[in-house]
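I have placed the structure first, in the form of C-alpha cells, so that the comments after it can refer back to it.
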Amino acid sequence: MFSSMIFRERSRIIHYNNILNSLTFLRHMGGGPRTFPGGLNKWQWKRLHEKQARQKEKRLLDQEKELYQARVRSEIRSKIANPDSSVHEQNVNSPNYKPLSPKEHIKALADRFMKEGAEDLWNEADGPINSPSPQQLARIESNHTPINLRRVMSGQNYTPSNQVSEISSDLSYNKRNTRHYSVYLHPDNRYKLLNVRNYSVRTSRVRYRKNDSSSSDYGTDDDEGFLVKKMKDGNLRGPRLSLVVSSDGDGKGSDDDDDEVEKKMMMMSSAALGKYDIKKTKRIPLEMLEDEDDLSLHVQAIRNEFNKRRMAEKDGETGDDDSILSPKRFDECNISPLTIKALTLAGYVQMTKVQDATISACLEGKDALVKAKTGTGKSAAFLLPAIETVLKASMNDTAKRVPPICVLILCPTRELASQITAEANVLLKYHDGIGVQSLVGGTRFKVDQKRLETEPCHIIVATPGRLLDHIENKSGFSARLMGLKMLILDEADHLLDLGFRKDMEKIADCLPRKRQSLLFSATLPKEVRRVSQLVLQREHVYINTVGLGPETHNKVNQSYLIAPHEQHFQIVHHLLKDHIFQAPNYKVIVFCTTAMMTSLMFSLLREMKINVREIHSRKPQLYRTRVSEEFKEEKQLILVTSDVSARGMNYPDVSLVIQVGVPVDREHYINRLGRTGREGKGGEGILLLAPWEEYFLEEIKDLPLHKSSSPHLDPDMKIKIEKSMAKVDPSVKEAAYHAWLGYYNSIREVGRDKTTLVELAKGFCDTIGLEKVPALFRKTVLKMGLKDIPGIRVRK
Ligand SMILES: Nc1ncnc2c1ncn2[C@@H]1O[C@H](COP(=O)(O)OP(=O)(O)OP(=O)(O)O)[C@@H](O)[C@H]1O
C-alpha cells in the first residue's frame, strides 16, 4: 500500500515537472511574467522549482527504501522469533487467511508471555515483577504446597497427595530471573493454570528439562492447559517455572476454594488480552507480596504525616503561612498505587501546594505554565504526571520492540539533569521495566548511544546541547522521539532565554506537535511568558502559586552589604568564619560571577584552610558530579560555585548563600538564593556588592532585603589573605582577570564607560596580587570593544 502511494506521488511530481517545463518554455517564448516572487528571474525560478522537485523525489525514494528495508527486517525478525508460527506468517491477502478466533487470540497472546522480552505485554496491573522477599516466600510456601512439575508435565492426573517436593528447588525467586506462575487445584482434582502473576525473564536462557512423559492428559481446558502442553512438548525455552498449588490438605477443594479459583481466574492478566480479558478487577491482590516491609511502610507513612501535621500546626500557631504543604494527600489523586508506594517510601505523603495545584491539571492532559517558589517540590509535580503518561502509553504500545521515548524533560545544567533522573528513579522504584535516562554533555556520546539501545528508556532527562547532538546524529534517535507524548521544561525561563533559544527552537521542530507541554519555573519574566508559545499551546493553563507576594521565602533572612571590591575576599572569609561559629552544622554556598572567579575564590579559601569544594563549567564532569554528590550528603562544607548550581539543585539544609558580585539579573538572584530555605525551612542570604554595583538593588527592591553594615575587618587577617593569595597559581589569577573583564563588560547595566571599566579591572588585578595586567588576544579586544582603551594590553 505504501509503495503504491509513493508511486502515485512520484508520478504526480513527474507530471508537475512536465507542466513546469512547458510553462517555462512558454515564458521563454515571451509569455508569463518577467519577474517572479522573491525578485527571481524566470530561469532562477525554474531552477528553484526543478531543484525542489528533485529533492522531493529523492525524499520519497529514500522513504520507499526505508520502508522496504523495515519490511525486510521485520520479516527476518518474525522468522527468527517464530520460525514455525503459522499465525505470524499468515498474509492478510493469502487465500488461507482467516481472522483469529477469540480463543486462538488469547492463546497467541499468552504464548507471547512465555517468550523472553515479553515484559512489554505487561502493565502495572499485573503486580510488580520483583520477586517476593524471603518472608513472602515462607508465607507462600506455608500456604501453597508445591506441585510436582514432572508429574504435571508427564500429564498424570495430579493430586496433592502424590506430589513430591522436587519442585521446590525450582521455586527460585531470584529477583530478575524468575517468572512465577500460580496453578490452583480445581475441585475435580485437575490443576488449572489460573494466574500468571509475577515474572521476569532470565537473561541467559534456560532450556526447560524435557520429560519422559507419554501421557497426554495434562489438563482439561485448552485455554488453561496449553501452557503446560508447551512445557510437555519441551518447546518451552526461557524462564524457569515455579508452579504452586493451592491445597486444603485433602486435595478435594472446598466451595470457598472454588470461589477463590473463580476470583483468581477473573484476575488473569489483561495486559495484552484486549477485549478477551476476563478480569473483573484490574489489580491482582498483592497480599502474598505484601510483607512486613509494607507494614513498616505504613507505620513510616503515618509517622511522616503526623510530623508534617505537627509542623503545619506549629506554622499556623506562629501565623506563618510559609509551609509548602497542602492538606491533600497523594493517594487522593489519580496516581498509580505503585508510585504512591514509592512516594510513601520516600517520605512524601501530603502534596506540596504546587503539586496540589498542578498534578490534576497535568493529568487531564492540559498544557501548563507553572510558577512556584524555589524548593517547593516542582520536580515531583512534573515527574508524577510524566510517569502516568508513560504508564498510559505503555499500555497502548505494548507491541513495539523498541518503545518510543514518551517523555522528554529538558533542564539547563548537567547536575540538575542527574538530580531529576535520580528523583524519577525513586518514584519509579516499583515500576519495573520503565526506564529513565539522562543525556548530558561531558559524558561519552557512544556510551549514551549504547545505553539508549540496550536499556529501557521511556523518560529522557537532557540538557539541550547533548539532546541536539543525538537528534542530529541520525542514529534513529529522532524516530524514537516521534512517539513523544509529553515535553517538560524545568527552569523554563532560563531555557527560553536567548542563550538557549536557538537550541530550543531546533528541538521543538523535531518533536511531534500533538503532545502535552509543561513549563515549570520559580521565576517567569514577562518576555519569557511571551516566548513560551514556542512550546506551549495557546490554550494552556497558567498556574501561579507564588501569588502577589515576593518570590522568595519569608523564612529566609536576606541582606546586602556594600563594600569596595578589594575587600570582597576578606569579607567572604569573615562571613564564613562568623557563620561557622554560629551554626555548627553549617552548609554554605558561595556564588561567584564566572567560572574562573569561582576557581580563584576556591583556591584562596583552600589556602586559608577552609573546608571548601568547587563546581563550575571548567571542571571535568566526573569531578562536578562527585563534588555535587558530596555536597548533598555532607554537612560542615562550603561550596564555591558559578551559576551552574544556581537553579534547581536541591542541596539539603543549606544554611547560608553568599552572592559575591552583581548577579546577571533578578532571576539569577532569586534562584541562587533559593538554594537555601528549601522545603519550607529557614535560611540566610547575603549579597555582597561593590559601590558601583549598587544599581542592582533597584531590580530587587520589592524583595525583603535589609542593609548590613560592613563588618570590622581584622588587619592581621588582611595580611594573611594577601599571603594566601600570593600562593595561588598565577594562571588562575590571569584567567580570573580575563573573566572579570568579560563579565562586567557584558553587563550593560553596570553603566560604566569602557575606560572606567578597564581602570576598575586594573584595581582587581592589584587586589589579587598581579603585578602586570594580563594581555588579551587582539581578537578578544576587538570583540569586547576595548581597542585603544588605555590600560588594555594586547598580546603580541
Ligand atoms: N510532597 C512532598 N513532601 C515532602 N517533601 C517533598 C515533597 N515534594 C518534594 N519534596 C522535597 O522538597 C525538596 C525540594 O523539591 P524540588 O527540588 O522538586 O523543588 P523545586 O521547586 O523544583 O526547586 P527549584 O525551584 O530550586 O528547582 C526536595 O528535597 C524534595 O524531596
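Index from 1, following the sequence. Counting starts at 1 for both ligands and their atoms, following the listed order. Since the model is a prediction, treat every value here as computed from it, not as a measurement.
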Regarding [X] and [Y], do their side chains bring together a donor and an acceptor under 3.5 Å, going by distance alone?
{"X": "Q621", "Y": "T625", "result": "yes"}
{"X": "Y651", "Y": "S628", "result": "yes"}
{"X": "Y560", "Y": "E694", "result": "no"}
{"X": "N557", "Y": "H706", "result": "yes"}
{"X": "Q558", "Y": "T552", "result": "yes"}

Strictly below 4.0 Å, N to O, side chains only: are [X] and [Y] in salt-bridge contact?
{"X": "R624", "Y": "E415", "value": "yes"}
{"X": "K378", "Y": "D490", "value": "no"}
{"X": "E527", "Y": "R530", "value": "no"}
{"X": "K506", "Y": "D509", "value": "no"}

Taking 4.0 angstrom as the limit and counting only heavy atoms of [X], give me the atoms of ligand 1 inside it, by number and element.
{"X": "E679", "answer": "11 (C), 12 (O), 13 (C), 28 (C), 29 (O)"}
{"X": "G375", "answer": "14 (C), 19 (O), 20 (P), 21 (O), 23 (O), 24 (P), 25 (O), 26 (O)"}
{"X": "S379", "answer": "16 (P), 17 (O), 18 (O), 22 (O)"}
{"X": "R675", "answer": "26 (O)"}
{"X": "E491", "answer": "27 (O)"}
{"X": "K373", "answer": "21 (O)"}

Quick one: does M649 get within less than 4.0 Å of ligand 1, heavy atoms only? no
F330 to ligand 1, any heavy atom closer than 4.0 Å: yes
Contact check: [X] vs ligand 1, nitrogen or oxygen atoms, below 3.5 angstrom:
{"X": "D490", "answer": "no"}
{"X": "M351", "answer": "no"}
{"X": "E423", "answer": "no"}
{"X": "T374", "answer": "no"}

With backbone taken as N, CA, C and O and side chain as the heavy atoms from C-beta onward, which portion of N650 lies under 4.0 Å from ligand 1: side chain, backbone, both, or neither? side chain
Can you tell which part of K378 has a heavy atom less than 4.0 Å from ligand 1: side chain, backbone, both or neither? both
Nearest neighbour of [atom] from the list [options], on a heavy-atom basis:
{"atom": "atom 7 (C) of ligand 1", "options": "T352, L384, D653, I670", "value": "T352"}
{"atom": "atom 11 (C) of ligand 1", "options": "F382, Y651, Y348", "value": "Y348"}
{"atom": "atom 2 (C) of ligand 1", "options": "Q350, K681, Q419, K371", "value": "Q350"}

Hey, could you give me the CG/CD1 distance between L467 and I460, rounded to the nearest 0.5 Å? 7.5 Å
Roughly how far apart are K353 NZ and I324 CD1, rounded to 0.5 Å? 9.0 Å
